[in-house]
Amino acid sequence: MGAHLKAILSVVVVMLISFLGVYFYLGESKILQKETQKVNDEVSLTLPQEKIKLMDGGGLSPSEFKGKIIILNFWASWCAPCIEEVPSLIELTKKNNHVIVLAVSGDKNKEDIRAFIKSFPEFNKEPFYQVWDNNEKWLKSFHIIKLPESFIFNSKGEMVKRISGTINWNTADSLSYFSSLD
């Protein structure tokens, strides 16, 4: 009888541990969902209204965005997915002249950005505008937790899409989507 009792007790303990594991996992999952929703709700859905300081020392006034589709692209030179998506982003801007890209770098020093741009010189010419976020003001205000991350604003300045991770910007679907924003 003692062996049977131990076996039953073992099964009950395993079931209890499994139940608690599932309970805490689902509870944590709900907490993470709430935190994600909280972050999404708190994200500034508007572009800065003050003059934007560019890496080259110049600046952009928000009035220069009028009537343009803006991709606010957060990237870094050390980010492999960021590197992967740059060529397709360049191709998108060649095929739709209403798209401009505010490329916000999370790199710690300008030399890394300059080295990266040597590999992709078109990434540093209009319609691309490089913003070095060395104080992480942009990263924090848009709650960026991984790179690349992009926000798309229509020609009225309204945020219409948030993209986490790398995508191919130069597809028929992508080109059609951006044409619909004009």
Side-chain angles (χ1 to χ4, degrees), residues 43-182:
V43 168
S44 171
L45 300 178
T46 60
L47 289 167
Q49 297 305 305
E50 69 275 358
K51 193 168 190 165
I52 297 170
K53 184 179 175 189
L54 300 176
M55 193 177 98
D56 65 7
L60 276 178
S61 168
S63 63
E64 295 178 63
F65 305 145
K66 199 167 187 118
K68 296 286 188 180
I69 299 165
I70 299 156
I71 300 173
L72 180 59
N73 178 257
F74 291 89
W75 69 283
S77 64
W78 47 262
C79 166
C82 301
I83 296 166
E84 180 184 319
E85 82 173 354
V86 166
S88 69
L89 193 53
I90 291 169
E91 287 304 310
L92 169 69
T93 62
K94 287 180 180 178
K95 293 177 180 174
N96 187 321
N97 62 3
H98 290 114
V99 175
I100 66 169
V101 179
L102 290 175
V104 181
S105 173
D107 282 286
K108 296 298 179 198
N109 68 63
K110 282 186 177 181
E111 294 312 311
D112 291 339
I113 300 168
R114 287 186 181 117
F116 180 88
I117 289 172
K118 285 181 183 176
S119 298
F120 299 101
E122 291 174 286
F123 193 57
N124 196 34
K125 297 177 185 171
E126 284 187 35
F128 291 90
Y129 300 93
Q130 295 297 329
V131 177
W132 181 36
D133 194 24
N134 61 325
N135 61 6
E136 298 184 0
K137 176 183 168 189
W138 288 68
L139 291 164
K140 289 175 184 171
S141 69
F142 280 87
H143 301 276
I144 304 302
I145 53 176
K146 68 177 184 174
L147 298 172
E149 185 138 7
S150 298
F151 296 82
I152 300 171
F153 294 84
N154 65 18
S155 58
K156 297 174 189 166
E158 303 162 331
M159 194 193 98
V160 293
K161 190 175 264 320
R162 179 180 188 167
I163 300 170
S164 294
T166 185
I167 68 164
N168 182 350
W169 296 91
N170 187 31
T171 65
D173 288 341
S174 181
L175 295 169
S176 175
Y177 175 76
F178 281 94
S179 292
S180 75
L181 295 177
D182 283 339

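Since the model is a prediction, treat every value here as computed from it, not as a measurement.
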Could you tell me which non-hydrogen atom of [X] sits nearest to which non-hydrogen atom of [Y], and how far apart they are?
X      : Y      : answer
Ala76  : Ser105 : CA-OG, 4.4 Å
Ile113 : Met55  : CG2-SD, 3.4 Å
Trp169 : Ser150 : CZ2-OG, 3.5 Å
Lys146 : Gly165 : CE-N, 4.4 Å
Arg162 : His143 : NH2-O, 3.6 Å
Val99  : Pro127 : O-CB, 3.5 Å

Side chains of [X] and [Y] in contact at under 4.5 Å (non-hydrogen atoms):
X      : Y      : value
Trp138 : Ile144 : no
Leu102 : Leu60  : yes
Asn96  : Ser179 : yes
Ile100 : Phe65  : yes
Ile152 : Phe178 : yes
Val104 : Phe142 : no
Glu85  : Asn73  : yes
Trp75  : Leu89  : no

TODO: Only counting residues at least two apart or in another chain, list the ones meeting side chain to side chain contact (heavy atoms under 4.5 Å, CB included) with Lys95.
DONE: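 With neighbours one apart ignored, the set is Glu91, Asn170, Leu175.
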- [ ] Tell me, please, which residues at least two apart from Phe120 pass ring-ring contact (aromatic ring centres under 6.0 Å, His included).
- [x] Phe116
TODO: For Tyr129, enumerate each residue passing the ring-ring contact (aromatic ring centres under 6.0 Å, His included) test, keeping only those at least two apart in sequence or located in another chain.
DONE: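 For Tyr129 there are no ring-ring contact (aromatic ring centres under 6.0 Å, His included) partners, ignoring immediate neighbours.
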What's the spacing between [X] [atom1] and [Y] [atom2] if we round to 0.5 Å?
X      : Y      : atom1 : atom2 : value
Lys110 : Ser77  : NZ    : OG    : 14.5 Å
Trp78  : Asp112 : CH2   : CG    : 11.0 Å
Lys161 : Phe151 : NZ    : CZ    : 13.0 Å
Ser61  : Gln49  : OG    : CD    : 9.5 Å
Asn109 : Trp132 : CG    : CH2   : 6.5 Å
Ile69  : Ile71  : CD1   : CD1   : 8.0 Å

Task: Glu50/Lys137 under salt bridge (Lys or Arg N to Asp or Glu O under 4.0 Å): CA gap, chis, key distance, verdict - done: CA-CA 13 Å; Glu50 69 275 358; Lys137 176 183 168 189; 3.6 Å; yes
Task: Glu122 bridged to Lys125 by N-O distance under 4.0 Å - done: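 No, Glu122 and Lys125 are not salt-bridged.
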TODO: Assign the ring pair Phe128 / Phe123 to parallel, tilted or perpendicular, where the plane angle (0 to 90°) is split at 30° and 60°.
DONE: tilted
Task: Any donor-acceptor N/O pair, Lys68 side chain to Asn97 backbone, under 3.5 Å - done: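 Yes.
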